[in-house]
*Asks:* 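Starting off with a structure, shown below.
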Amino acid sequence: MDQPFRSYASPPPHLAFSADFFQSLTIAQAAEHSYPSIAPIGSVLSTSFSQNIPLSAAATVIRPGEVIPNYNDLNTITSNIEDEYRKGFRSAEVKFRHKGLEYSVVYHFSKLELIRQCTNYEPAVNAYRHLLAHLHSEHFNLGPALTTFQDSLVTARIQGFCVSHFRLDKLGCLLGESWLEEDVFNVLLELAYFRKAYHTDDAVQVSDILLLPTS
């Protein structure tokens, strides 16, 4: 990626949903923030490039409650966007449909990066929302531990285990009828090992346990 394209296609770090925004976002903030509605894959009807440099808010920032296409639905323009930049193109027109409504929008290349970040973090944000709703229920009384969790960054990883170091949003697989993530299973296995060791006075019995993570 050459420097002129990187400078042009990178959104200002202070903007909501930029890479810097997500790097400093806490779990509590993510749960409360107004996230855009992301259309499902298959919603994009057409895409095209333009040499115009749009400067409006609609073309350069993601506004609260805005409907945006899924970044993975924009492969026809994002796969060769740097080459198109060298040819003089500076924006993209995207037509897509969501919930019966049709949208025709023009995006500055930097907004496509915001859409990419939103698409990538949407599963994590949803997982954190579900986790916090569950942890705030009457079934739990975590005290300071809940505050620590809420104040953690959305990019934070689980700590204190040897077999895995996954991002905290993976814990969302423990809710509902979801497949149990392999990394989470390994941590539960290690936790069971240490719990047994804590409650067992016989060191020989503990040493006989063989911990075999799945990967």
*Asks:* Not counting sequence neighbours, which residues clear side chain to side chain contact (heavy atoms under 4.5 Å, CB included) with Val187? List them please.
*Replies:*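 Here the qualifying residues are Ile158, Phe161, Ser164, Phe166.
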*Asks:* Identify, with sequence neighbours excluded, every residue that meets salt bridge (charged side-chain N to carboxylate O under 4.0 Å, His left out) alongside Lys87.
*Replies:*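 Listed in chain order: Glu84.
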*Asks:* Nearest 0.5 angstrom please: Tyr121 OH to Arg116 CZ, how far?
*Replies:*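 Rounded to the nearest 0.5 Å, the OH-CZ separation comes out at 9.0 Å.
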*Asks:* Side-chain heavy atoms nearer than 4.5 Å, only ILVMFWY residues, links allowed to pass through others: does that put Val105 and Leu101 together?
*Replies:*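 Linked within one cluster.
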*Asks:* Can you see which heavy atom on Ala28 is nearest to which on Leu132, and at what distance?
*Replies:*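 For Ala28 and Leu132, the tightest heavy-atom pair comes out as CA-CD1, 4.2 Å.
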*Asks:* Do Phe149 and Leu191 belong together in a cluster built from hydrophobic side chains that touch within less than 4.5 Å?
*Replies:*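 Result: yes, single cluster for both.
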*Asks:* Quick one: closest heavy-atom pair of Leu25 and Ala30, and the distance?
*Replies:*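 Of all heavy-atom pairs spanning Leu25 and Ala30, the closest is CD2-CB, 3.6 Å.
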*Asks:* Give, for atom CZ of Phe185 and atom CH2 of Trp179, the distance between the pair rounded to the nearest 0.5 Å.
*Replies:*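 Rounded to the nearest 0.5 Å, the CZ-CH2 separation comes out at 13.0 Å.
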*Asks:* Treating Tyr103 as the side-chain partner and His98 as the backbone partner, does any N or O pair qualify as donor plus acceptor under 3.5 Å?
*Replies:*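 No, Tyr103 side chain to His98 backbone: no donor-acceptor pair under 3.5 Å.
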*Asks:* Angle between ring planes, Tyr85 versus Phe109, binned at 30° and 60°: parallel, tilted or perpendicular?
*Replies:*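 Rings of Tyr85 and Phe109: tilted, 30 to 60°.
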*Asks:* Any side-chain to backbone donor/acceptor pair from Ser137 onto His134? Under 3.5 Å, distance only.
*Replies:*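 Checked: pair present.
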*Asks:* For Tyr35 and Phe17, I'd like to know if the aromatic rings sit close, meaning centre-to-centre distance below 6.0 Å.
*Replies:*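 Yes, they do, as the ring centres are separated by less than 6.0 Å.
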*Asks:* For a quick test of reading the model, state the closest non-hydrogen atom pair linking Gln51 to Gly88 and the distance between them.
*Replies:*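 Scanning both residues completely, I find the closest heavy atoms to be CG-O, 3.5 Å.
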*Asks:* Quick check for you: to the nearest 0.5 Å, what is the distance between Arg6 atom CZ and Glu113 atom CD?
*Replies:*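 Here the interatomic distance stands at 11.5 Å.
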*Asks:* Distance from Leu142 atom CG to Leu135 atom CG, nearest 0.5 Å?
*Replies:*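 Answer for the CG-CG pair, Leu142 versus Leu135, is 5.5 Å.
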*Asks:* Look at the side chain of Glu190 and the backbone N and O of Val163, then say whether any donor-acceptor pair between them is shorter than 3.5 Å.
*Replies:*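 Between the backbone of Val163 and the side chain of Glu190 there is a qualifying donor-acceptor contact (under 3.5 Å).
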*Asks:* Looking at Ser18 and Pro13, what are the two nearest heavy atoms and their distance?
*Replies:*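 Heavy atoms of Ser18 and Pro13 come nearest at OG-O, 3.0 Å.
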*Asks:* What's the shortest heavy-atom distance between Ser24 and Gln29, and which atoms?
*Replies:*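 Residues Ser24 and Gln29, closest heavy atoms: O-OE1, 3.9 Å.
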*Asks:* NE2 of His165 to CG of Asn186: how many Å apart, nearest 0.5 Å?
*Replies:*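 His165 NE2 to Asn186 CG: 14.5 Å, rounded to 0.5 Å.
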*Asks:* Listed by chain and number, what are the salt bridge (charged side-chain N to carboxylate O under 4.0 Å, His left out) partners of Asp169, not counting sequence neighbours?
*Replies:*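 So Asp169 forms a salt bridge (charged side-chain N to carboxylate O under 4.0 Å, His left out) with Arg167.
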*Asks:* Say you draw a straight line from CD of Glu93 to CZ of Phe49; how long is it, rounded to the nearest 0.5 Å?
*Replies:*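 Separation between the atoms: 12.0 Å.
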*Asks:* For residues 66-77, dump all side-chain donor-acceptor pairs below 3.5 Å to protein atoms at least two apart in sequence or in another chain.
*Replies:*
unit_1	atom_1	unit_2	atom_2	d
Glu66	OE1	Arg63	N	2.9
Glu66	OE1	Lys111	NZ	3.4
Glu66	OE2	Lys111	NZ	2.7
Asn70	OD1	Asn72	N	2.8
Asn70	OD1	Asn72	ND2	3.3
Asp73	OD1	Gly42	N	3.2
Asp73	OD2	Gly42	N	2.9
Asp73	OD2	Ser43	N	2.9
Asp73	OD2	Val44	N	3.0
Asn75	ND2	Asn72	O	3.4
Thr76	OG1	Thr47	OG1	2.9

*Asks:* Between Leu180 and Leu174, is any pair of side-chain heavy atoms under 4.5 Å apart?
*Replies:*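 SC-SC contact between Leu180 and Leu174 confirmed.
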*Asks:* Would Leu175 and Leu146 show up in the same hydrophobic cluster when neighbours are defined by side-chain heavy atoms closer than 4.5 Å?
*Replies:*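 The answer is yes; both residues are in one hydrophobic cluster.
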*Asks:* Give me the atom names and distance for the closest heavy-atom approach of Asp2 to Glu82.
*Replies:*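 Minimum heavy-atom separation between Asp2 and Glu82: N-OE2, 2.8 Å.
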*Asks:* Are Leu114 and Val106 grouped together when hydrophobic residues (ILVMFWY) are joined by side-chain heavy atoms under 4.5 angstrom apart?
*Replies:*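 Each belongs to a different hydrophobic cluster.
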*Asks:* Could you go through the side-chain contact (heavy atoms from CB on, under 4.5 Å) check for Arg129 and Asn126 one step at a time?
*Replies:* CA-CA 5 Å; Arg129 285 175 174 170; Asn126 288 337; 4.2 Å; yes
*Asks:* Answer yes or no: are there more than 12 heavy-atom neighbours, outside Gln159 itself, under 6.0 Å from its atom CD?
*Replies:*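 12 or below, so no.
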*Asks:* Keeping to residues at least two apart or across chains, list the side chain to side chain donor-acceptor pair (under 3.5 Å) pairs with something in residues 140-155.
*Replies:*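 Qualifying pairs: His136-Gln150.
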*Asks:* Side chains of Leu171 and Leu131: does their closest heavy-atom pair fall under 4.5 Å?
*Replies:*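 The answer is yes; the side chains approach within 4.5 Å.
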*Asks:* When clusters are formed by joining ILVMFWY residues with side-chain heavy atoms under 4.5 Å apart, either directly or through shared neighbours, do Leu15 and Ile115 land in the same one?
*Replies:*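 Yes.
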*Asks:* Can you tell if the side chain of Arg86 reaches within under 4.5 Å of the side chain of Asp83, non-hydrogen atoms only?
*Replies:*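 The answer is yes, as the side chains (C-beta and beyond) meet within the 4.5 Å cut-off.
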*Asks:* Taking side chain to side chain contact (heavy atoms under 4.5 Å, CB included) as the definition, give me every residue that meets it alongside Ser110, ordered by chain and number, with sequence neighbours left out.
*Replies:*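 Only Pro11, His108 meet the side chain to side chain contact (heavy atoms under 4.5 Å, CB included) criterion with Ser110.
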